[in-house]
Amino acid sequence: FQKCVRETVKPKSRGDLPSLAYRTRSKINLTADDLAAPVGSKPSSPASAARVLRACRLDKAADTQETVTAKVVNIIFQLYANGQAERSRAHPKAPQMDQYYRLWKSEGSLWDYLELLGYVWSDFMLLVRGEEGEADLFPCLRECVLDQLNLKSDQPFARFATGVVARLADHFSFHRLGLATKEELDGAERCALELVAALVESDTLHPRSLQELLIILLEKPESLCQYAEGRGQQADGGGRFHQSLVAKILARLVPSKGSVYFAQLIPKLAPENQRSLNEAGKMYKSVTL
């Protein structure tokens with residue numbers, strides 16, 4: 001199974017992600033009905049997402065490389081398809097990721113698909129924010145997918161987190177280009193913060209792995225962007241936005257996890273963000289003493 005994360009997935013015929021998802025459903029005994037939204041629920045709902053996860057649940061004791069990849073690809077495609085109508089209504093100007101995400105029309109490794117899963121998951125969570133059952137989705141994702149990857153490292157979670165942060169970087173580009181509102185960007189920022197914090201707080205993503213990712217966000221955010229037309233926007237105002245996000249993430253995590261894991265990252269913050277981080281640490285200590 002270790003080869004699963006190193007080798008490139010080679011479908012029998014080339015094609016885009018949706019066609020790969022359709023071709024692999026028979027291999028994992030899935031039908032369209034298995035992935036349909038529960039009766040009384042809209043496709044873009046926590047209940048529909050939970051059904052997709054359970055239908056495609058990974059089994060680390062039995063799944064082969066081909067099966068693992070097939071299940072992850074089907075989850076990605078179905079979550080994206082389920083949110084399509086709501087996404088178009090809520091964010092009519094924003095580009096659709098099947099038109100710009102490089103992996104959508106090419107092949108990739110399991111690592112690549114886990115990163116795309118983080119990207120799509122972040123997007124879907126933005127659509128269902130505040131709905132009943134939202135809080136249960138991340139535990140369901142861990143149980144059905146992330147915890148079933150039989151690996152002795154946090155790299156599956158790191159690649160998932162990379163997708164989450166990449167989605168936010170692209171959302172910033174959309175905002176700069178007039179394709180997303182400030183309110184939508186703020187919602188995407190809160191969603192990204194909650195997801196990466198949950199990964200660290202649940203001890204699935206090591207703080208040092210998050211530190212590496214956030215340093216990339218600060219120093220080379222364009223490398224995370226999937227929307228090519230928006231990469232130039234990262235240098236034009238992106239520094240302040242990304243600095244603010246990183247400061248908020250650290251303000252939440254440093255008091256409980258310690259600053260030692262973020263020793264390389266903290267000096268890269270602007271002085272005002274470092275001061276706010278110190279204040280957050282003092283407040284945490286006063287509450288816990």
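- Shown here are the salt bridge (Lys or Arg N to Asp or Glu O under 4.0 Å) partners of E229, two or more places apart in sequence or in another chain: there are none.
- Here ring pair (Phe, Tyr, Trp, His ring centres under 6.0 Å) pairs that include residues 30-74, with residues two or more places apart or in two chains, number zero.
- A search for side chain to side chain donor-acceptor pair (under 3.5 Å) contacts involving D112 returns S109, R159, not counting sequence neighbours.
- Among residues two or more places apart in sequence or in another chain, the side chain to side chain contact (heavy atoms under 4.5 Å, CB included) test is passed with A21 by V73, N74, F77.
- Taking the side chain to side chain contact (heavy atoms under 4.5 Å, CB included) definition, one finds that D203 meets it with K257, sequence neighbours left out.
- Of all non-hydrogen atoms in C191 and M125, the two that sit nearest each other are SG-CB, 3.7 Å.
- Side-chain contact between D154 and T204 is absent, with no heavy atoms from C-beta onward closer than 4.5 Å.
- Among residues two or more places apart in sequence or in another chain, the salt bridge (Lys or Arg N to Asp or Glu O under 4.0 Å) test is passed with R51 by none.
- Using a distance-only test at 3.5 Å, with no hydrogens or angles considered, no donor-acceptor pair links the side chain of Q148 to the main chain of R142.
- Residues meeting the side chain to side chain donor-acceptor pair (under 3.5 Å) test with Q211, sequence neighbours left out: none.
- Using a 4.0 Å cut-off between charged side-chain N and carboxylate O, D186 and K182 make a salt bridge.
- For residues 190-214, every residue pair satisfying the ring pair (Phe, Tyr, Trp, His ring centres under 6.0 Å) rule, not counting sequence neighbours, is listed here: H206-Y261.
- When ring centroids are compared, H242 and F172 come within the 6.0 Å threshold.
- Side-chain polar atoms of E184 and H171 form no donor-acceptor pair below 3.5 angstrom.
- Applying the salt bridge (Lys or Arg N to Asp or Glu O under 4.0 Å) criterion to D170, with sequence neighbours excluded, gives no partner residue.
- Residues L137 and L126 do not share a hydrophobic cluster, clusters being chains of Ile/Leu/Val/Met/Phe/Trp/Tyr side chains in contact below 4.5 Å.
- Listed by first and then second residue, the ring pair (Phe, Tyr, Trp, His ring centres under 6.0 Å) pairs that reach into residues 34-66 come to none, sequence neighbours excluded.
- Under the rule for a side chain to side chain contact (heavy atoms under 4.5 Å, CB included), D136 has no partner lying at least two apart in sequence or in another chain.
- The salt bridge (Lys or Arg N to Asp or Glu O under 4.0 Å) search around E134 returns none, not counting sequence neighbours.
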